[in-house]
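Everything quoted here is computed from the prediction, not taken from an experiment. First the proteins, then the strands, lettered A, B, ... as listed; each starts at 1.
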Amino acid sequence: MARQRLTRGFYARDSRDVAPQLLGKVLVAGPCCGRIVEVEAYAGGDDPGSHAHRGPTRRNATMFGRPGLLYVYFTYGMHWCANVVTGDEGDGQAVLLRALAPLAGLEVMRARRPAARADRQLCSGPARLCQALGITGADDGRDLVRPGAGGVWIGDDGMPPPAEPGWSTRIGLSKGVEHPWRWFVPGDPHVSR
DNA sequence: ACCGGGATGTTCT
DNA sequence: GAACATCCCGGTG
């Protein structure tokens with residue numbers, strides 16, 4: 001089946017609805033792509049674990065934009081992480097992409113991630129997948145629905161999301177830890193941790 | 001296998 | 001000055 005780009009309507013819902021539906025979809029970045037196997041939902045201002053919790057700032061401005069935008073942020077002094085904006089403009093909702101199963105461009109990924117000792121570690125973490133796919137702050141604010149040249153986008157190749165996705169609380173947070181808003185493909189070896 | 005610590009810099013209190 | 005949606009490496013068992 002041909003790969004079809006997701007439309008804005010796909011993203012224009014609550015992040016906790018969109019997140020599990022993204023499992024099985026394909027993230028494309030130039031010559032590299034991978035199947036999404038792990039995600040986390042970040043809700044709007046009422047979610048204390050979300051960057052949106054304290055309202056718009058220069059850093060999180062993209063989060064409050066249109067659904068279907070790519071929100072990329074810098075953390076721990078060296079890592080980039082990629083999210084998809086969901087909901088309505090102004091909500092500040094997003095889904096963090098946490099792990100991919102690499103599908104194409106493996107040679108490029110290996111060159112970008114010399115620390116990966118096995119292919120299963122190429123994209124098994126939010127910062128790892130950005131490194132492997134070459135996603136940086138320069139990609140913040142990209143429109144995944146209507147990408148420009150050198151496109152980053154998300155497609156559907158017919159793989160359905162798991163009927164019963166695995167779930168847990170979110171990883172690495174100090175606030176909002178109680179919400180079970182992480183989803184993953186059960187048994188997939190590329191899921192982080 | 002598990003555990004501890006260092007890297008590194010932007011953002012916000 | 002502290003926190004941070006992380007990762008990697010080197011120790012020990």
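- The nearest whole Å value for the distance from the NE2 atom in A/His53 to the P atom in C/dA5 is 13 Å.
- A/Glu38 contributes a side-chain N or O that, together with a main-chain N or O of A/Ser192, makes up a donor-acceptor pair within less than 3.5 Å.
- The NE2-C1' distance, from A/His51 to C/dC4, rounds to 8 Å in whole Å.
- Remark: the separation of the P atoms in C/dA2 and B/dG6 is 16 Å, to the nearest Å.
- If you measure from atom CZ of A/Arg170 to atom C1' of C/dT6, you get 16 Å, rounded to the nearest angstrom.
- Between A/Gln121 atom CD and C/dT6 atom C1' the separation is 15 Å, expressed in whole Å.
- For C/dT6, one of the phosphate oxygens OP1 or OP2 lies less than 4.0 angstrom from a side-chain nitrogen or oxygen of A/Arg98.
- Using a 4.0 Å heavy-atom distance criterion, A/Arg113 is classed as a sugar-phosphate-only contact.
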* Dot-bracket pairing map - DNA chain B, Watson-Crick plus G-U, both contacts under 3.5 Å, | cross-strand -> |||||||.||||.
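- Atom pair A/Gln131:CD and C/dC8:P shows a separation of 6 Å (rounding to whole Å applied).
- Rounded to a whole Å, the CZ atom of A/Arg182 is 11 Å from the P atom of C/dT6.
- Expressed to the nearest 0.5 Å, how far CE of A/Met1 lies from CG of A/Asp157 amounts to 8.5 Å.
- Checked by atom type and distance alone, the side chain of A/Arg16 never pairs as donor or acceptor with a backbone atom of A/Ala43 at under 3.5 Å.
- Checking A/Thr169 against A/Glu178 by side-chain atom types alone, no donor-acceptor pair falls below 3.5 Å.
- Nearest-nucleotide positions on DNA chain C for A/Leu129 and A/Ser174 put A/Ser174 closer to the 5' end.
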* **CA sep, side-chain torsions, deciding dist, call: A/Met109, A/Leu133, side chain to side chain contact (heavy atoms under 4.5 Å, CB included)** => CA-CA 7 Å; A/Met109 294 185 194; A/Leu133 273 63; 3.9 Å; yes
* Structure fact -> Given protein heavy atoms under 4.0 Å, the one-letter contact record of nucleotides 8-13 of chain B, with B base, S sugar-phosphate only and - none, is simply BB--SS
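- Enclosure of atom CZ in A/Arg59 by more than 12 non-hydrogen atoms of other residues, nucleotides or ligands within 6.0 angstrom is indicated.
- A donor atom on one side chain and an acceptor atom on the other are not found under 3.5 Å apart for A/Arg112 and A/Gln131.
- Rounded to whole angstrom, the span from the OH atom of A/Tyr73 across to the C1' atom of C/dA3 amounts to 13 Å.
- Note: A/Tyr73 and A/His51 meet the aromatic proximity criterion, with ring centroids under 6.0 Å apart.
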Enumerate donor-acceptor pairs with a distance under 3.5 Å from any side-chain N or O in residues 5-12 of chain A to protein atoms, sequence neighbours excluded.
residue	atom	partner	partner atom	Å
A/Arg5	NH1	A/Val145	O	3.1
A/Arg8	NH1	A/Pro67	O	2.8
A/Arg8	NH2	A/Asp143	OD2	3.0

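- If you measure from atom CZ of A/Arg128 to atom C1' of C/dA5, you get 15 Å, rounded to the nearest angstrom.
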